[in-house]
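Below: the structure, in structure tokens.
Letters go in sequence order (proteins before strands), and every chain restarts at 1.
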Amino acid sequence: MIVEKWLLKQIKSFLVTCKDGASISKIHALLTTSGFLSNGNSAAQLISSYARTGHINLAHKLFDNLPNKRIDSWNAMLISYSRENYHLEVIKLYESMRMGTVKPDSSTFTITIKACTSLFDLESGNEIWRNAVQCGYGNDMFVGSSVLNLYAKCGKMDEAFSVFERMSRKDVVSWSTMITGFVKTGRAIEAIDVYRKMQKEGLEGDGVVMLGLIQACAEIENLKMGSSLNGYMIRRGFRMDVLVQTSFLDMYAKNGKLDIASGLFRSMSCKNVVSWSALISGYAQNGYAGNALELLIEMQSLGFEPDLVSLIGGLLACSRFGSPILGRSIHGYIVRRLDVNQVLGTALIDMYAKCGSITRARLLYDNTSSRDIILWNTMISSYGIHGQGEEALSLFNQMREGDTKPDHATFASLLSAMSHSGLVEEGRYWFDVMIKEYKIEPMEKHYVSLVDLIARSGQVEEAQILIDSMKYEPGIALYVALLSGCLNHKNYLIGELAAKRVLELNPDTAGIYSLVSNFFASAKKWDEVALVRKAMRAAGMKKFPGYSVVEVNGKIHTFLVEDKGHPQHEKILGIMEELECKMRDMGYVPKTEFVLHNVEEEVKIRMLCNHSERIAIAFGILNTGPGTRLVITKNLRVCGDCHEAIKFISVIVNREIVVRDMKRFHHFKNGSCSCSDYW
DNA sequence: CAGGCTGTTC
């Protein structure tokens, strides 16, 4: 007997580390012939050894043939499936176990609930949790933590919290599950509260807890707390692994501190695809499209295969840049290598729409099999920026018929589409529906669209009343919307108040200064015009020169304002002069009020003609065949004079010209534009 | 046997 026990122990310890399938089979045969397996001895070890060496089918065969299945064999089988991510098999196996007489234990419940978590199967998870309580495992820390994670992953943090509060024993895993859960559901403040409670109970956080806290800091934009967390971790001797470093990197990148993020990235001795992706996305989200694309290329050249997320970052950069050529090439790269999932599909639709091809965007949209809220919102917004308000509305109505509930972003896109298309009554109507039927509290962005819509239609007083009726302090965007309405409809009384508010609220783009200045010029208040110019210089606005991008014959060409550096400069100039002549004959009068510099009238006219969008258009005309559609992307807002001029140009050259600016698309065709005015 | 990094709309 003693020898047998010793032998079994030796066999077990050998199986734990054995990597050789043939040896496992030999031991299997030995145990079978000597009769040990018949009472279940060593079966669990054999099962996990088989599974660990990639022979899960052999493991299952052995398990099926066991005459006496003990709980450790069941659990070994469950764990083997779990390791291979066969979550449905785990749940099935658990159910067949429940049919028999063997009692599940803590591991059984822990693993099975984890499988439900991976499948986001809240229903089965709840059922198994009830079983666990019935079997006396309601106070088990492992089972408890896996239930916390189940609720957290399914977004049910209130349920998780009530289980958490009733747990009699908690360890660092239980606490960190709560912290991570709150962060991932957008409740960063509560995540930090949980951490403080944990500290009060005398528990130290570990790496996982820190990771959650870093993400919390990223979300609430508290970089100060984030940095002090960094100091704390260094003092306590935490190992800064890739995960933690990537989280710090991401925190800085998300908050626009790309210099710090990139410094951190360069200093990392160990980087993975995720670290690359985090920085690429950070650049793309903050408008540094060029840096994002450069990094994507650098990543490949160093042998890192871009994954889904880094490519989504690349697509985002393309849509910021307005470059369909780059976007298409990334699309092609993706199709050759990866499966397109919903997030990627959405990014592609957004990219095509923002790069000027609403048709291609719709094509992709029609080919999607399932539609989540972001996909709907993206398509609605795409129609909006292209000035197709009716299409946006019709899509929105289709959405209402289905089972995806519109959210705040849906209405933001819808209302903005209404305002870009001048659908005044519809805009008012849906704003009301949003509040009354969908119980969505209007946010600033909703008010901005509505004010823009109403003011644009000429009801400036009403727009003013709407702003005054808001429950919170109106931001600059609202006064900008009001002011542009005042400018269009020459309401100088309200306009002057709006203009003053705009200046008080420190505009951060040259476009806004130019709007204010145009307003005062229109009111013939020249002293104010001069003041605005001064304020703009003081704010350092001239640092951002306007540029336009145009793609011709598969190449991207960028033009700055007054760009003289192009090899075809002389020819471009020729086209521009020819166009100007014909435009004048057709009745075009330069709107020199759009020039904010205090110079001679004749110089102003020269400056208007040298705007980057005009140079880009002339270049496009020069280098493409008659009738070719031109797509130009401008980094600022398109200027009011250019908006007029391009209408004429579209007639002269008989082409469709699409100009995308920071906010939307202007489709010029046969002398008119899809947008009623430039702003 | 339970918890960890990056991603799409406004």
Does anything in [range] reach DNA chain B, meaning a heavy atom under 4.0 Å, and if so which residues?
range: residues 352-361 of chain A; result: A:Lys354
range: residues 402-415 of chain A; result: A:His408, A:Ala409, A:Ala412, A:Ser413
range: residues 370-386 of chain A; result: A:Ile374, A:Asn377, A:Thr378, A:Ser381

Task: Set of residues satisfying ring pair (Phe, Tyr, Trp, His ring centres under 6.0 Å) with respect to A:Tyr94, sequence neighbours excluded - done: none
TODO: Output all residues satisfying ring pair (Phe, Tyr, Trp, His ring centres under 6.0 Å) with A:Phe182, sequence neighbours left out; order by chain, then residue number.
DONE: none
When you check the gap from the basic side-chain N to the acidic O, do [X] and [Y] get nearer than 4.0 Å?
X: A:Arg362; Y: A:Asp366; value: yes
X: A:Glu219; Y: A:Lys254; value: no
X: A:Arg130; Y: A:Glu127; value: yes

Task: Worked verdict on A:Asn126 versus A:Leu122 for side-chain contact (heavy atoms from CB on, under 4.5 Å) - done: CA-CA 6 Å; A:Asn126 268 325; A:Leu122 195 56; 4.0 Å; yes
Counting the atoms with a prime plus P, OP1 and OP2 as sugar-phosphate, which does [X] contact under 4.0 Å by heavy atoms, base, sugar-phosphate, or nothing?
X: A:Lys153; result: sugar-phosphate
X: A:Gln215; result: sugar-phosphate
X: A:Gln285; result: sugar-phosphate
X: A:Leu316; result: sugar-phosphate

What pairs of residues pass the salt bridge (Lys or Arg N to Asp or Glu O under 4.0 Å) test when at least one of them lies in [range], not counting sequence neighbours?
range: residues 147-161 of chain A; value: A:Asp158-A:Arg187
range: residues 408-417 of chain A; value: none
range: residues 74-90 of chain A; value: A:Glu89-A:Lys92

TODO: Walking along DNA chain B from 5' to 3', note the first and the last nucleotide with an atom under 4.0 Å from a heavy atom of chain A, and give both.
DONE: B:dC1 to B:dC10
TODO: Kindly write out the residues that satisfy side-chain contact (heavy atoms from CB on, under 4.5 Å) with A:Ser174, not counting sequence neighbours, or none if the list is empty.
DONE: A:Met141, A:Ser145, A:Leu148, A:Phe164, A:Met167, A:Lys170, A:Asp171
Acceptor/donor pairs from residues 257-270 of chain A side chains to any protein atom, 3.5 angstrom cut, sequence neighbours excluded:
from     : atom 1 : to       : atom 2 : distance (Å)
A:Arg266 : NH1    : A:Glu298 : OE2    : 2.9
A:Arg266 : NH2    : A:Glu298 : OE1    : 3.1
A:Ser267 : OG     : A:Leu264 : O      : 2.8

Open item on the list: Once side-chain hydrogen bond (donor to acceptor under 3.5 Å, both in side chains) is applied, do any residues pair with A:Ser82, and if so which ones, sequence neighbours excluded?
Closed with: none
Task: side-chain hydrogen bond (donor to acceptor under 3.5 Å, both in side chains) evaluation trace for A:Tyr288 with A:Arg320 - done: CA-CA 9 Å; A:Tyr288 302 95; A:Arg320 298 265 171 161; over 6 Å; no
